Amino acid sequence: MKTVITYGTYDMLHYGHIRLLERAKKLGDYLIVGVTSEDFDRSRGKINVQQSLMERVEALNATGLADQIIIEEYTGQKIDDIRRYNVDIFAIGSDWEGKFDYLKEFCDVVYLERTQGISSTDLRAKNQGIRLGIVGSGKPTVVAKYINECSYINGLVISGIFTDGEDIKLLDASQENVASGGAESVNSHSKTLKKSDLPVKNSYRELLEDCSAVYIASYPSEHFEQIKYALEQGKHVLCESPLALSKKEVEDLFELAAKKELVLVEAIKTAYSMAYDRLLLLIKSGMIGDVLSIESTCTSLAEMQNENILKGWNSINTWGPTALLPVFQILGTDYIDCRIVTKLTDPNHNVDAYTKVSFIYKRSTADIKVGLGMKSEGDLIISGTKGYIYVPAPWWKTDYFEVRFEHSENNKRYFYQLDGEGIRFELVDFVKLINTGYSNNYISHKTSAEIANILNIHHDKRRAILLG
Ligand code: CTP
């Protein structure tokens with residue numbers, strides 16, 4: 001009996017896939033098809049696969065062409081599989097010509113002519129077709145990162161940008177498939193684009209006329225009106241945190257979005273880091289027992305007279321949402337008491353050099369420290385009854401963390417590649433939410449509303465303790 005093996009993602013199964021499988025099957029008597037897992041695809045840079053692993057396997061099964069379906073989970077697995085299943089022929093499309101010659105040591109390698117004119121990438125692009133407008137007067141460097149990351153998401157094009165900023169430094173990403181053992185990697189280099197190279201719009205209104213979704217990175221005081229206007233115009237919204245300056249405003253915005261059947265998502269990139277996501281799952285699984293304390297610190301030194309700070313991006317607005325994220329996502333928003341201590345350098349503009357927020361919950365406590373005029377260790381410590389999780393600085397770009405126990409021989413270390421600081425996955429999730437109404441990691445409405453509430457309390461000086 002001759003065994004043939006082939007691999008692929010098989011997203012939105014199409015005619016090109018079927019033709020390849022038919023020809024592969026004819027090469028022998030028994031066909032094994034390897035379907036890539038979500039994690040493996042992510043790690044090799046294929047990020048916006050539309051269907052889940054389950055859906056892809058089911059679609060493949062329904063063709064009746066595969067005698068056996070296996071899951072491909074890691075680089076180098078092909079050699080393992082060929083040995084394990086006694087494979088005679090490895091078959092793959094001609095787009096991979098030469099890339100799998102290293103397998104000739106183990107079996108025959110056959111490249112089959114790729115079917116012209118169809119691919120999952122094209123199907124995804126047709127399906128999505130999202131035109132994203134960008135409002136970027138408040139955070140030029142963040143906006144530059146988003147523009148760069150948009151180039152990784154097929155089906156998402158930038159329809160225009162409205163910003164007061166000067167030249168925006170763009171990282172021009174070139175996505176190349178560097179195949180080695182089935183792995184793809186992504187290369188990037190930077191270049192500076194002038195404002196005139198971008199589809200710049202003269203007003204917010206003009207920007208909204210020509211887009212289906214908008215990304216807002218203006219000033220916190222502008223967010224509410226800009227989101228409201230975008231939703232009223234029928235546009236989906238991704239907005240830098242905070243969505244608004246009070247809980248009520250945030251709740252009103254979510255209500256409006258639901259009424260209009262539109263997506264409204266708060267942009268906190270850390271929420272989309274795979275390591276951070278895994279950390280939450282480990283805690284939910286009870287690995288460190290009951291969580292009794294969370295300490296989260298985010299600081300970055302800045303010139304306190306900076307225009308951006310004076311216009312609203314003070315310490316608590318800049319760092320508060322990120323620092324609060326693990327607190328609300330792990331302990332929820334039903335705390336008993338919250339105390340805010342802040343050191344103001346410019347009370348007229350509500351500029352804080354340093355702010356500390358302490359929460360008391362029924363069974364636990366949490367403390368966040370943020371500052372643009374103070375430097376500290378930017379780590380995250382989540383302590384439980386069985387052990388604790390330590391995320392080293394800068395924890396908000398989580399790619400690595402440790403689970404530590406009383407006996408250090410039980411400690412565990414976790415590492416997950418973080419591409420694009422989480423922004424790439426945030427955009428993928430935003431697109432997925434628009435197209436399917438479903439996403440894994442996005443931030444709950446309660447969390448968004450409570451973040452705005454804390455910033456509101458800070459703003460209301462009667463409710464915060466001022467340091468001299
Ligand atoms: N394939 C093919 N003809 C096509 C598309 C894919 O023969 N038009 C083959 C590929 O060469 C591979 C298999 O089908 O052997 C699975 O490919 P996969 O990467 O899942 O499909 P693509 O459509 O190429 O996906 P993408 O656009 O995401 O790269």
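Since the structure is predicted, the reported quantities are computational estimates derived from the model, not experimental observations. The basis for the numbers below is simple: all heavy atoms, side chains too, and nothing from hydrogens, waters or symmetry mates. In listed order, ligands and their atoms are each counted from 1.
Applying side-chain hydrogen bond (donor to acceptor under 3.5 Å, both in side chains) to Asp81 and the options Gln77, Lys78, Arg83 leaves one that passes, Gln77.
Those atoms of ligand 1 with a heavy atom of Ser119 less than 4.0 angstrom away are 23 (O), 27 (O). Those atoms of ligand 1 with a heavy atom of Ser120 less than 4.0 angstrom away are 21 (O), 22 (P), 23 (O), 25 (O), 26 (P), 27 (O), 28 (O). Ligand-side atoms of ligand 1 in range of Asp95: 10 (C), 11 (O), range being under 4.0 angstrom from any heavy atom. Atoms of ligand 1 found under 4.0 Å from any heavy atom of Gly93 (numbered from 1 in listed order, with element): 11 (O), 15 (O). Each of the atoms 4 (C), 5 (C), 8 (N) of ligand 1 lies under 4.0 Å from some heavy atom of Ile118. Proximity to Leu20 (heavy-atom distance under 4.0 Å) selects the following atoms of ligand 1: 7 (O), 9 (C), 15 (O).
Proximity of Arg42 to Gln417: side-chain heavy atoms (C-beta onward) are nowhere separated by under 4.5 Å.
Taking the six-membered ring wherever Trp is involved, the centroid distance between the rings of Tyr400 and Phe415 does not fall below 6.0 Å. Checked against a 6.0 Å centroid threshold, the rings of Phe100 and Phe90 count as neighbours.
Between Thr6 and ligand 1, a contact under 3.5 Å exists for no N or O pair. Among the atoms of Gln116, none of the N or O lies under 3.5 angstrom from an N or O of ligand 1. For ligand 1, the polar-atom distance check finds no N/O of Glu113 at less than 3.5 Å from any of the ligand's N/O atoms. Residue Trp96 has no N or O atom closer than 3.5 Å to an N or O atom of ligand 1.
Contact between His14 and ligand 1 is present, with at least one heavy atom of the residue lying under 4.0 Å from the ligand.
Taking all heavy atoms of Gln50, Arg114, Glu97 into account, the minimum distance to atom 6 (C) of ligand 1 is reached by Arg114.
Using a cut-off of 4.0 Å between Lys/Arg side-chain N and Asp/Glu carboxylate O, Arg56 and Asp11 are scored as not salt-bridged.
Because its NZ or CZ atom is not both nearer than 6.0 Å to the ring centre of Tyr229 and within 45° of the ring axis, Arg205 does not count as a cation-pi partner of that residue. For the pair Lys2 and Tyr30, the cation does not sit on the ring face, since its NZ or CZ is not both under 6.0 Å from the ring centre and inside 45° of the axis. Arg424 forms a cation-pi arrangement with Tyr152, by the criterion of a distance under 6.0 Å to the ring centre and an angle within 45° of the ring axis.
The protein heavy-atom contact nearest to atom 21 (O) of ligand 1 is His17 NE2, 2.9 Å. Among protein heavy atoms, atom 19 (O) of ligand 1 sits closest to Lys46 NZ, 3.3 Å. In terms of protein heavy-atom proximity, atom 26 (P) of ligand 1 is nearest to Thr121 OG1, 3.3 Å.
Of all the heavy atoms of Thr9, the ones lying under 4.0 Å from any atom of ligand 1 are found in both the backbone and the side chain.
Judged purely by distance below 3.5 Å, without hydrogens or angles, the side chains of Ser241 and Glu266 pair a donor atom with an acceptor atom. A donor and an acceptor atom, one from each side chain of Asn453 and Glu450, are located under 3.5 Å apart.
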